[in-house]
Peer 1: 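What follows is a structure written as structure tokens; I'll ask about it next.
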Amino acid sequence: MTVPPPIVAPSILAADFSRLAEEVRAVEDAADWLHVDVMDNHFVPNLTIGLPVVQSLRAATKLPFDVHLMITDPRRWAPGYADAGAYNVTFHAEACDDPVALARDLRAAGAKAGLAIDRDTPIEPYLDLLPSFDTLLVMTIKAGFGGQRFLPQLLDKVRAARRHVDAGHLELRIEVDGGIAADTIEQAAEAGADAFVAGTAVYGADDPAEAVRRLRGLAERAATRA
Ligand code: DX5
Ligand code: ZN
């Protein structure tokens with residue numbers, strides 16, 4: 001099996017929102033994707049940014065946008081992010097009664113389609129839907145806030161997904177989100193993740209670009225050991 005190079009996606013949730021374009025440029029040459037957390041104060045208690053910010057930011061960087069929608073009614077809102085030029089649009093399984101239909105809409109709108117699984121949601125009911133998706137985002141915290149502690153027991157879901165993806169020869173990124181840092185990324189990579197969101201670990205560092213490169217190096221080495 002050839003393992004694709006790991007993706008590192010800094011989350012701008014941990015950036016300074018008053019200087020967003022500058023903060024994005026700080027990781028422009030180091031990051032693979034830019035992770036954009038959209039929260040609506042309904043699906044999660046927190047409230048962040050939405051479509052207008054994504055549209056404005058799209059002109060400020062060449063980085064592909066990995067939009068993580070933590071919102072209710074994603075069928076209504078998600079395609080707009082694809083239209084705004086997002087590379088990947090991920091919505092939550094818990095918020096959608098027909099994930100395959102929405103994945104089809106997103107792909108038709110020119111984006112990759114991602115399915116997110118929150119802390120308390122089992123993965124098994126969703127494994128058979130994965131051929132309709134390009135990314136599977138396994139939360140390693142409870143969705144809603146940055147800066148939380150990584151929950152290693154949630155990597156069992158990554159292991160189950162990895163077995164399923166490899167057995168079915170699916171082309172799917174398995175992404176982890178929450179508490180990913182230098183002391184946790186290796187175990188996530190060994191479990192089978194190949195895309196890594198990091199907010200605090202990147203934007204809390206003195207040199208965000210260097211933090212991204214370091215995380216990628218750790219993930220690469222761990223993946224070759226797995
Ligand atoms: C939280 C968001 C995460 C968040 C991760 O619900 O989905 O993307 O930014 O932040 P850290 O890396 O600080 O845990
Ligand atoms: Zn996220």
Side-chain angles (χ1 to χ4, degrees), residues 6-17 20 23-24 26-27 30-50 53-54 57 63-72 74 77-78 81 86-95 111-121 133-155 157-158 173-189 193 195-206 208-209 211-212 214-216 218-219:
I7 296 283
V8 179
S11 167
I12 55 168
L13 186 61
D16 178 348
F17 275 16
L20 259 190
E23 293 274 76
V24 171
V27 296
D32 302 286
W33 298 346
L34 190 76
H35 187 81
V36 181
D37 288 303
V38 175
M39 305 189 193
D40 68 349
N41 178 227
H42 289 275
F43 180 72
V44 289
N46 202 0
L47 180 68
T48 57
I49 57 170
V53 177
V54 170
L57 211 52
L63 283 173
F65 285 178
D66 176 36
V67 174
H68 177 192
L69 298 176
M70 285 160 274
I71 63 172
T72 55
W77 302 107
Y81 290 86
Y87 171 76
N88 177 75
V89 181
T90 290
F91 60 90
H92 269 265
E94 304 83 11
K112 307 267 187 208
L115 184 69
I117 307 286
D118 206 355
R119 182 191 65 189
D120 301 327
T121 304
F133 287 88
D134 305 287
T135 57
L136 170 71
L137 189 157
V138 177
M139 294 304 301
T140 39
I141 54 168
K142 169 89 180 145
F145 296 91
Q148 301 182 64
R149 204 160 53 83
F150 176 78
L151 300 171
Q153 63 273 26
L154 300 183
L155 292 180
K157 291 192 240 184
V158 172
R173 286 277 177 183
I174 301 178
E175 186 173 16
V176 281
D177 184 5
I180 298 297
D183 60 345
T184 57
I185 195 168
E186 291 169 280
Q187 44 183 305
F196 305 87
V197 177
T200 311
V202 169
Y203 282 107
D206 290 338
V212 169
R214 177 161 179 239
L215 289 172
R216 188 185 298 98
L218 290 167

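When a ligand or atom number is given, it counts from 1 through the structure's own listing order.
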Peer 1: Are any non-hydrogen side-chain atoms of Leu20 and Ile12 less than 4.5 angstrom apart?
Peer 2: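 The answer is yes; the side chains approach within 4.5 Å.
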
Peer 1: Within the structure provided, determine whether Phe65 and Val24 are in side-chain contact (heavy-atom separation under 4.5 Å).
Peer 2: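 Counting from C-beta outward, Phe65 and Val24 never come under 4.5 Å.
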
Peer 1: If only side-chain N and O atoms count, and only distance matters, is there a donor-acceptor pair under 3.5 Å linking Asp177 with His68?
Peer 2: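 A donor-acceptor contact under 3.5 Å links the two side chains.
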
Peer 1: Going by distance alone, is a donor N or O of one side chain under 3.5 Å from an acceptor N or O of the other, for His35 and Asp37?
Peer 2: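 Per modelled atom types, His35 and Asp37 side chains form a pair under 3.5 Å.
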
Peer 1: Using a strict cut-off of under 4.0 Å between a residue heavy atom and any atom of ligand 1, list the qualifying protein residues by chain and number.
Peer 2: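 Heavy-atom contacts below 4.0 Å: Ser11, Leu13, His35, Asp37, Met39, His68, Met70, Met139, Ile141, Ala143, Gly144, Phe145, Gly146, Gly147, Asp177, Gly178, Gly179, Val197, Ala198, Gly199, Thr200.
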
Peer 1: Would the Trp33 and Tyr87 ring centres measure less than 6.0 Å apart?
Peer 2: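 Yes, they do, as the ring centres are separated by less than 6.0 Å.
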
Peer 1: Under 3.5 Å, is there a donor-acceptor pair between the Asn46 and Thr48 side chains?
Peer 2: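 Their side chains do not contain a donor-acceptor pair, so the 3.5 Å distance test is not met.
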
Peer 1: Count up the protein N, O or S atoms sitting under 2.8 Å from the Zn ion (ligand 2), would you?
Peer 2: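 Atoms of protein N, O or S type lying less than 2.8 Å from the Zn ion (ligand 2) total 4.
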
Peer 1: So, taking the atom named CD in Glu186 and the one named CD1 in Ile180, what distance separates them when rounded to the nearest 0.5 Å?
Peer 2: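 So the CD of Glu186 and the CD1 of Ile180 are separated by 11.5 Å.
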
Peer 1: Under a 3.5 Å threshold, yes or no: a donor from one side chain and an acceptor from the other, between Glu94 and Thr121?
Peer 2: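 Looking only at side-chain atoms, Thr121 and Glu94 do form a donor-acceptor pair, the distance falling under 3.5 Å.
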
Peer 1: Assess whether atom CZ of Arg173 is packed by more than 12 heavy atoms of other residues, nucleotides or ligands within 6.0 Å.
Peer 2: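 It does: Arg173 CZ has more than 12 such atoms within range.
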
